[in-house]
Protein chains: 2
Amino acid sequence: MANQEIKSSNSENEAKKTTKEKIFDASVDLFSKKGFNDVTVREIAKEARIREGSIYNHYKNKEAILDAIIDYFKSEITQSNIPAEETTNLIDKGPEAYFEGGVKMFMARINIPQMEKIWRLVCIEIYHNAKIREFFKKELLEEPLAGWENIFSIMMEKKMIKPVNPRTLAYEYWSYAIFLVFEYFILKYDEDFDSFMNLGLEKMINHTRFLLEAIKIEEETN
Amino acid sequence: MANQEIKSSNSENEAKKTTKEKIFDASVDLFSKKGFNDVTVREIAKEARIREGSIYNHYKNKEAILDAIIDYFKSEITQSNIPAEETTNLIDKGPEAYFEGGVKMFMARINIPQMEKIWRLVCIEIYHNAKIREFFKKELLEEPLAGWENIFSIMMEKKMIKPVNPRTLAYEYWSYAIFLVFEYFILKYDEDFDSFMNLGLEKMINHTRFLLEAIKIEEETN
DNA sequence: GTCTATACCCTGATAGAC
DNA sequence: GTCTATCAGGGTATAGAC
């Protein structure tokens, strides 16, 4: 956490940035707005206030810049995963507490200044870039689905929630999160200037409450 | 319904196609695979087995081909909307029947041979093409959400389902459909050779059952 | 490392004979 | 309508002086 300020954010201390960082940040900006294909190396150079040729001293080619951004995204996402030990502790606090934890976990993956732009970039390049697509499928779809399925199974064993198909329940829960990402970063990114953190959080909590109501154990069974 | 075979599908009677149709079909094929930007006019000409220059006798430019495809998509989607009168009739048959109708309505929008490719094209160009994005937002997100909100409100008034926030319920229902579209056409299009019709139908029915269970009126209240 | 200058390729689109 | 030939522009990437 000491020298973790490698990726300095936007307009702050622009002067202190290395050229490589300038290229990285300018590319994040442009790619997230226009998509990889529609950004030219000339534009990146202009935005980074350097000459075109200098870019190739830091990155092999245009594709390599995108790769670096994807790697950064991957590492940020993977870091924010909740360790397995904490999971078991959280479950005993009841479904409400766990859901709340889940929402916060989900939001933590987005609530880093530059990450919101990279999320946008990931969403718009997902069809086009195999690396992004495979990562998204594995780390943001299959792995969370399997995780939630496991959680729900445990909760059912402990009679904390109604017995339903845990796989179905995992899909019911998580698909909404993916929908929110899609809705925000693809459909509404240009118009909603509020961050996903603020807009999505409320909707996700709403969703969680609804689901909780559907699967809670009725009091009257006592 | 008589001369509605204008858009002849793939390999059938290739010879009978007009040149304009050849260009249209070749473009649908290529755009849906690679995206608009990564397809060249030369490729389209090759796929359509004509010369490059001939394309411009039928379409003003490359963009105009995409526009024609989008217009075709729009008209197919709009046609398959259920008229308002039928809606009220369906509601009285109970939530199960109505949901079933809803799923079929949704699937009907996809289950036309060439439409599956165009759906893919729409999904991958949605960030990039304002016309597609606005249509998707209006006709496939906002309008259905408003429609379902209305349906659910009526059902609640008629005490057919539990009283919950109808807007929330509409989101709970419809967001899953959008998720399925996204999952299939973006994440899994290359690998799943089965049509969305087959794969999505089962998942959507599963979802419907879960939601129905959550909002049904309990028998014991009698 | 950064700059200037440029090579080389591919793009969408057009002109004009047939 | 379809073809051949071609253009102008813009794309990535490189060479070589500083």
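Protein chains get the first letters and strands the later ones, always in sequence-line order, with residue 1 at the start of each. Since we're looking at a predicted model, the values are computed, not measured.
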Inset, instruction - Provide, to the nearest angstrom, the distance between the CD1 atom belonging to B/I65 and the C1' atom belonging to C/dA13. - result: 12 Å

Inset, instruction - Would you mind checking if A/K46 and A/E43 are paired as a salt bridge, meaning a charged N to carboxylate O distance below 4.0 Å? - result: no

Table of protein N/O atoms under 3.5 Å from nucleotides 3-6 of chain C N/O atoms:
| from | atom 1 | to | atom 2 | distance (Å) |
| --- | --- | --- | --- | --- |
| C/dC3 | OP2 | A/R51 | N | 2.8 |
| C/dC3 | OP2 | A/S54 | OG | 3.0 |
| C/dT4 | OP2 | A/R51 | NE | 3.0 |

Inset, instruction - Would you kindly compare A/T40 and A/K60 by the position of their nearest DNA chain D nucleotide and give the one closer to the 5′ end? - result: A/T40

Legend entry - Pairing of B/E139 and B/K74 as salt bridge, 4.0 angstrom limit: no

Inset, instruction - Keeping the roles fixed (side chain from A/R133, backbone from B/L187), state whether a donor-acceptor pair exists under 3.5 Å. - result: no

Inset, instruction - Starting at atom CZ of A/F36, determine the distance to atom P of D/dG11, rounded to an integer number of angstrom. - result: 13 Å

For nucleotides 16-18 of chain C, give me every protein contact, N/O to N/O, under 3.5 Å, one pair per line with atom names.
none

Legend entry - d(CD1, B/I23; P, C/dG12) in whole Å: 14 Å

Legend entry - OP1 or OP2 of C/dA13 under 4.0 Å from side-chain N/O of B/Y56: yes

Legend entry - Distance in angstrom units between A/K22 NZ and C/dT2 C1', rounded: 11 Å

Inset, instruction - Verify whether the ring centers belonging to A/F73 and A/W119 lie closer than 6.0 Å. - result: yes

Inset, instruction - Rounded to the nearest angstrom, tell me the gap between atom CG in B/N37 and atom P in C/dC10. - result: 17 Å

Legend entry - Spacing between A/K20 atom NZ and C/dT2 atom P, to the nearest angstrom: 12 Å

Legend entry - Test of ring centre spacing under 6.0 Å for A/Y189 and A/F196: no

Legend entry - Between C1' of D/dA8 and CG of B/N61, the distance in whole Å: 17 Å

Inset, instruction - Report yes or no: does B/W174 contribute a side-chain atom to a donor-acceptor pair with the main-chain N or O of B/L140 at less than 3.5 Å? - result: yes

Inset, instruction - Answer with yes or no after comparing the ring centroid distance for B/F182 and A/F182 against a 6.0 Å cut-off, counting only values under it. - result: yes

Legend entry - Side-chain N or O of A/T19 closer than 4.0 Å to phosphate OP1/OP2 of C/dT2: yes

Inset, instruction - Can you sort out the partners of A/S195 under side-chain contact (heavy atoms from CB on, under 4.5 Å), two or more places apart, ordered by chain and number? - result: A/E116, A/M197, A/N198

Inset, instruction - For B/E191 and B/K188, indicate whether the former's side chain and the latter's backbone hold a donor-acceptor pair under 3.5 Å. - result: no

Inset, instruction - Check the distance between D/dG10's C1' and A/K46's NZ and give it to me in whole angstrom. - result: 15 Å

